[in-house]
Engineer: 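Just passing along the structure, written as structure tokens.
All values below come from the heavy atoms of this structure, side chains included, with hydrogens, waters and symmetry mates left out. Numbers restart at 1 for each chain; the letters A, B, ... are given by sequence-line order, proteins then strands.
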2 protein chains.
Amino acid sequence: MAGRKTRAPLRPGPRRGASLPAGTREDLMRAGAETFAELGFDGATTERIAERAGATKAMINYHFRSKQGLYEAILLATFAELKSRLDGVRRSGSPAADQLRAFVAEFARAAREHPSFPAIMVREVLSGGKHLPEGVLPRVLGVMGVVRGIVEQGVEEGSFRPVNPLLTHLSLMGALLFFFATEPFRKQMVPKVRLGQAPPTYEAYVAHMQELMVRGLEAAPRRRR
Amino acid sequence: MAGRKTRAPLRPGPRRGASLPAGTREDLMRAGAETFAELGFDGATTERIAERAGATKAMINYHFRSKQGLYEAILLATFAELKSRLDGVRRSGSPAADQLRAFVAEFARAAREHPSFPAIMVREVLSGGKHLPEGVLPRVLGVMGVVRGIVEQGVEEGSFRPVNPLLTHLSLMGALLFFFATEPFRKQMVPKVRLGQAPPTYEAYVAHMQELMVRGLEAAPRRRR
DNA sequence: GTCTATAGGCTGATAGAC
DNA sequence: GTCTATCAGCCTATAGAC
């Protein structure tokens, strides 16, 4: 369903280095990420993305060949960074509980630096991966592999009870992605409902998830201090 | 943004009792729920919904005045049932840990009987509540209130540590909604990736979430049996 | 590299026959 | 209650000037 129809030149745009992003191409990627997160792939019109980037629709096709091409470029760039963050967690060699805490913290930090990323990913899995670029699926599985590795290490160490790593991954990622992806919703609801409290902060949620997951997976009885 | 423009007759359709659903109106609600879940509000075209229901576009406007009207009817009907389920959990008067387990089980049961509901709700909060009917927001807060009630009871009983009820609600609902809403995605990925295992079942995930949450919230040290 | 203008396709809602 | 036909609007991608 996402098959390539034509074989246009792969990179008609300019070839920039790894230096700080600037220029129309990068503006379009930033504007595209925000708009895809808010409206979804189909809902984000090229005109709206272009306007947000201070450019025109035609620039999207020039730099990325199509709307889908822009989408792919955004996802690949974001996942590349996420992967290096999470790999660092595993390479630390710390005890599983510490790695689990670090995973939550690093994932949250990535979500702060790329605030559009969680919503885009949730929309993507909701759509059955309809627009998911081929190169991105292995990266999604890579994140799953990190969680599985941490859980299996904890079970081997004897610090975690023998939980299913896949179920653990789904509950952890669900709780994290849902929180970050729905922050705009909560902010928008503040004036409409009397919550009696301000929307929760990133920091508070990170601490909550760290405790919930580590305690929820722990094997041994806990000592009161 | 979702303001009513005209004041058309509110219920031009037939007035049926509470007996088992049949007829074009109910067919459209079923087909609409499935299509909204798969494609989102904007992505679900009236023609596609009508085709799925074995009817025509014009029938949507006749029975529900508009696409938005159909959407509202679906959400209101589904939330009405969910509310009665969750109220039953609170009324049981059981210890907080048992109520938490029952909440997870009842929510999962509702998700099985209305498989489109989780995806619709996740899409809705992702869109900032853009299409959320007015009458539905109190119901969303009602679900939050049930979780808050269980958590506060557990803290008072001394069986839960003093966790923030709102953060607990967000992590629980995120993990549950994400799992149920993304089941189609996992099924679709099976042939594309070597997972080494079949996709997890509802039952396994319910048991996982029950243990994870209860252990994660528990105040006291656990005794080995 | 960037723009304007437009072609070609799809959508929600409605009018009007039965 | 249900249908067919249609209108008016919006979208992606492209052509072609600069």
Engineer: Could you tell me how the ring of A:Phe36 sits relative to the ring of A:Phe41: parallel (under 30°), tilted (30 to 60°) or perpendicular (over 60°)?
Structural biologist: parallel

Engineer: Taking DNA chain C as the partner, which of residues 34-56 of chain A come within under 4.0 angstrom of it by heavy atom?
Structural biologist: A:Ala55, A:Thr56

Engineer: Look at A:Asp87 together with A:Arg90 and state whether they make a salt bridge at an N to O cut-off of under 4.0 Å.
Structural biologist: no

Engineer: Please assess A:His63 against A:Thr24 for the test side chain to side chain donor-acceptor pair (under 3.5 Å), listing each intermediate value before the final yes or no.
Structural biologist: CA-CA 9 Å; A:His63 284 287; A:Thr24 298; 5.1 Å; no

Engineer: Between P on C:dG1 and CG on A:Asp27, what's the gap in Å once rounded to a whole number?
Structural biologist: 14 Å

Engineer: By nearest atom, which of the nucleotides C:dA13, C:dT14, D:dA13 is closest to the B:Lys57 side chain?
Structural biologist: C:dA13

Engineer: Does the Lys NZ or Arg CZ of A:Arg112 fall within the cation-pi geometry relative to A:Tyr202 - under 6.0 Å from the ring centre and within 45° of the axis?
Structural biologist: yes

Engineer: D:dT2, D:dA13, C:dA13: which one has an atom nearest the side-chain heavy atoms of B:Thr24?
Structural biologist: D:dT2

Engineer: Take atom CG of B:Asn61 and atom P of D:dC3, then tell me their distance rounded to the nearest Å.
Structural biologist: 13 Å

Engineer: How many whole angstroms separate atom CD1 of A:Ile60 from atom C1' of D:dT14?
Structural biologist: 14 Å

Engineer: Separation of A:Gln68 atom CD from D:dC11 atom P, in whole Å?
Structural biologist: 19 Å

Engineer: Among the nucleotides C:dA13, D:dG1, C:dC3, which one has an atom lying closest to any side-chain atom of B:Ser66?
Structural biologist: C:dA13

Engineer: Determine: side-chain N/O of B:Lys67 to OP1/OP2 of C:dG12, distance under 4.0 Å, yes or no.
Structural biologist: yes

Engineer: Go through A:Arg52 and A:Glu38 one step at a time and tell me if the salt bridge (charged side-chain N to carboxylate O under 4.0 Å, His left out) criterion holds.
Structural biologist: CA-CA 13 Å; A:Arg52 198 165 193 160; A:Glu38 290 172 11; 2.9 Å; yes

Engineer: What is the distance, to the nearest angstrom, from the CG atom on A:Leu28 to the C1' atom on C:dC3?
Structural biologist: 14 Å

Engineer: Test the B:Arg186-B:Phe179 pair against the cation-pi criterion, namely NZ or CZ under 6.0 angstrom from the six-membered ring centroid and within 45° of the ring axis.
Structural biologist: yes

Engineer: Would you find a donor on one side and an acceptor on the other, under 3.5 Å apart, between the side chain of B:Glu47 and the backbone of B:Lys57?
Structural biologist: no

Engineer: From CZ of A:Arg65 over to C1' of C:dG1, roughly how many Å is that when rounded to an integer?
Structural biologist: 19 Å

Engineer: Of all the choices, D:dT2, C:dA13, D:dT4, which nucleotide is nearest to the side chain of B:Met59 once you look at every atom?
Structural biologist: D:dT2

Engineer: What nucleotide, of C:dT14, D:dT14, D:dT2, holds the atom closest to the side chain of B:Tyr62?
Structural biologist: D:dT2

